[in-house]
Structure formats: C-alpha cells, structure tokens
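Below: the structure, in structure tokens.
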Amino acid sequence: MKKMYQQFKCSQIMLPEHRRELEKHAALKQHEKQESSSTADEQEKEQWDRLLQASLKTGQKIELTILSRNRCREISGSVEKIYSSSGYLLFKTA
C-alpha cells in the first residue's frame, strides 16, 4: 500500500516545461478574455465617432475612459483634432 501512495505522490510533480506551457496557456486565455471585453461592435464605433465629431465641432466636453496597463483612467475635455489615418485624437483637458 505504501508503494502505491508514493507512486501517486510522485505523479503530482509537474515537469518545468509543462508548468511553463500551462502558465502560457493561462496568460493567453486571460489576454483573450480582456480583448473580447474591450472590443466594440460597429454600432458602438459609429456612436463614438458621432460623439467625437460633435465635440470637435462644438467644443462640447466629453468624458473618456481609457484602459491602460490593466487600469481604467477617466479624463474629461473636448476634442481638438482627429487624426483618422492613425486613429489618434488631440484632446484638450483644461
């Protein structure tokens, strides 16, 4: 009986390469989960574009929530310029 217990105990040890692959898989799943929660559909993109354009034309203040390095940051201000080709915008916060 003791011999069977020791075999079972040894089988619980994980090889380093298996542990690394398991960690990579977990990190990939986490990344996929974050990406899927941060993607927007076409309707949302059109709505954002309308809000940005309205702020650009009228100087209307809007509030943006930015996700950066797994943190959310909120800023408020107005759009000064939109760089469509690069996907950037100039945002006036004061």
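All heavy atoms count here, side chains included; hydrogens, waters and symmetry mates do not.
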Seminar exercise, completed: The salt bridge (Lys or Arg N to Asp or Glu O under 4.0 Å) partners of Lys81 (sequence neighbours excluded) come to none
Tell me, do [X] and [Y] make a side-chain contact under 4.5 Å, heavy atoms counted?
X     : Y     : answer
Ile62 : Phe91 : yes
Ile82 : Gln53 : yes
Ser76 : Lys61 : no

How long is the straight-line distance from [atom2] of [Y] back to [atom1] of [X], given to the nearest 0.5 Å?
X     : Y     : atom1 : atom2 : value
Thr93 : Glu80 : OG1   : CD    : 10.0 Å
Glu42 : Glu44 : CD    : CD    : 10.0 Å
Glu74 : Thr65 : CD    : OG1   : 4.0 Å
Leu64 : Leu52 : CG    : CG    : 7.0 Å

Exercise. Can any side-chain N or O of Ser55 pair as donor or acceptor with the backbone N or O of Val79 at less than 3.5 Å?
Worked result: yes
Exercise. What about Leu90 and Leu56, same hydrophobic cluster or not, with Ile/Leu/Val/Met/Phe/Trp/Tyr joined at side-chain heavy-atom distances under 4.5 Å?
Worked result: no
Exercise. Just wondering, more than 12 heavy atoms not from Glu17 lying within 6.0 Å of its CD?
Worked result: yes
Exercise. Where is the tightest heavy-atom contact between Ser78 and Gln60, given as atom of each residue plus distance?
Worked result: CB-O, 3.7 Å
For this session: Flag the pair Glu21 and Lys24 as a salt bridge only when some basic side-chain nitrogen lies within less than 4.0 angstrom of an acidic carboxylate oxygen.
Result: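 Yes.
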